[in-house]
Amino acid sequence: MNRENIDRPAVLNDVTAAFYRYEEALISNDVAVLDELFWDDARTVRYGATENLYGIAEIRDFRNSRPSQGLERLLRHTVITSFGDDMAVASTEFTRENSERVGRQMQTWVKFPCGWRIVAAHVSLMG
C-alpha cells in the first residue's frame with residue numbers, strides 16, 4: 001500500500017467520528033448505537049475482558065444483559081490509523097475512576113455501504 005493512502009484526512013476524520021460515537025454510546029449504554037456500529041454478521045468477533053463472543057447474535061446478547069452502571073472511563077493513548085478508503089484500526093487504553101487497572105481496546109473498522117462498522121474487537125485489562 002502506498003503511504004499516501006494511509007491516514008488520508010477525510011477517511012481518518014470519518015472513522016475517528018465513528019470511533020468517538022461508539023465511545024459515547026458505550027459509556028451511556030446506548031445499545032441501539034452499539035449494535036448499529038458492529039458489523040451485522042456471524043463472522044464478527046468481540047473478545048472482551050471476561051468473554052469471547054462469536055457473531056453479532058452473541059454480541060447483542062452480551063450488550064443487552066450487561067450492567068448499565070459504572071461504564072464511564074477515560075481514554076488515553078488513542079491511535080486511529082486508516083488504510084485506503086475502507087479499513088482502519090483503532091487502539092486505546094482506558095482507566096476508570098477508583099481503579100488502578102488499565103484497560104486496552106482494539107477495533108478493526110471496515111467501511112460498508114451503510115457506513116463504518118467494527119468487524120473485530122478486543123478488550124482486556126492489565127494486571
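Partners of D86 according to the salt bridge (charged side-chain N to carboxylate O under 4.0 Å, His left out) rule, which considers only residues two or more places apart in sequence or in another chain, do not exist here. Every salt bridge (charged side-chain N to carboxylate O under 4.0 Å, His left out) that E36 has, sequence neighbours left out, goes to R21. For the side chain to side chain donor-acceptor pair (under 3.5 Å) test, no residue two or more places apart in sequence or in another chain qualifies with R3. In this structure R63 satisfies the salt bridge (charged side-chain N to carboxylate O under 4.0 Å, His left out) test with no other residue, sequence neighbours excluded. Residues meeting the side chain to side chain donor-acceptor pair (under 3.5 Å) test with D35, sequence neighbours left out: R60. By the side chain to side chain donor-acceptor pair (under 3.5 Å) test, E58 pairs with no residue at all, sequence neighbours left out. Checked against side chain to side chain donor-acceptor pair (under 3.5 Å), T78 has the following partners two or more places apart in sequence or in another chain: T92.
Applying the side chain to side chain donor-acceptor pair (under 3.5 Å) rule to pairs touching residues 114-127 yields R104-S124, sequence neighbours excluded. Residue pairs meeting the ring-ring contact (aromatic ring centres under 6.0 Å, His included) criterion with at least one partner in residues 49-107, sequence neighbours excluded, are Y47-Y54. Residue pairs meeting the salt bridge (Lys or Arg N to Asp or Glu O under 4.0 Å) criterion with at least one partner in residues 87-99, sequence neighbours excluded, are R76-E93. Sorted by first and then second residue, the pairs that involve residues 7-17 and meet side chain to side chain donor-acceptor pair (under 3.5 Å), not counting sequence neighbours, are R8-D85.
Linking ILVMFWY side-chain heavy atoms closer than 4.5 Å, directly or via other members, places V123 and L37 in a single hydrophobic cluster. The hydrophobic clustering, which links ILVMFWY residues whose side-chain heavy atoms are closer than 4.5 Å, places Y20 and V11 together.
Residues I80 and L12 share a closest heavy-atom pair of O-CD1, 3.4 Å. When all heavy atoms are compared, the tightest approach of G103 to L125 is CA-CD2, 3.6 Å. Closest heavy-atom contact between S82 and A88: CA-CB, 3.9 Å.
With hydrogens and angles disregarded, a donor-acceptor distance shorter than 3.5 Å links the side chain of D41 to the backbone of R43.
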Apply side chain to side chain contact (heavy atoms under 4.5 Å, CB included) to the pair L75 and Q105, showing each step before the final yes or no.
CA-CA 10 Å; L75 301 184; Q105 173 181 296; 6.0 Å; no

Determine, step by step, whether L53 and V45 satisfy the side chain to side chain contact (heavy atoms under 4.5 Å, CB included) criterion, reporting the C-alpha distance in whole Å, the side-chain angles of both residues, the deciding distance to 0.1 Å, and the verdict.
CA-CA 6 Å; L53 306 172; V45 176; over 6 Å; no

With a cut-off of 3.5 Å and sequence neighbours excluded, list every side-chain donor-acceptor pair involving residues 23-31.
residue, atom, partner, partner atom, Å
E23, OE1, R73, NE, 3.4
E23, OE1, R73, NH2, 2.6
E23, OE2, R73, NE, 2.8
S28, OG, E24, O, 2.8
N29, OD1, R66, NH2, 3.2
D30, OD1, A32, N, 3.4
D30, OD1, V33, N, 3.3

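Residues Y22 and I118 have side chains in contact (heavy-atom distance under 4.5 Å, counting atoms from C-beta outward). Residues W109 and V119 form no side-chain contact, since every pair of their non-hydrogen atoms from C-beta on lies 4.5 Å or further apart. Annotation: side chain of M87 is in contact with side chain of T108 (closest heavy-atom distance under 4.5 Å).
From F38, atom CZ reaches atom CD1 of I56 across 7.0 Å, with rounding to the nearest 0.5 Å.
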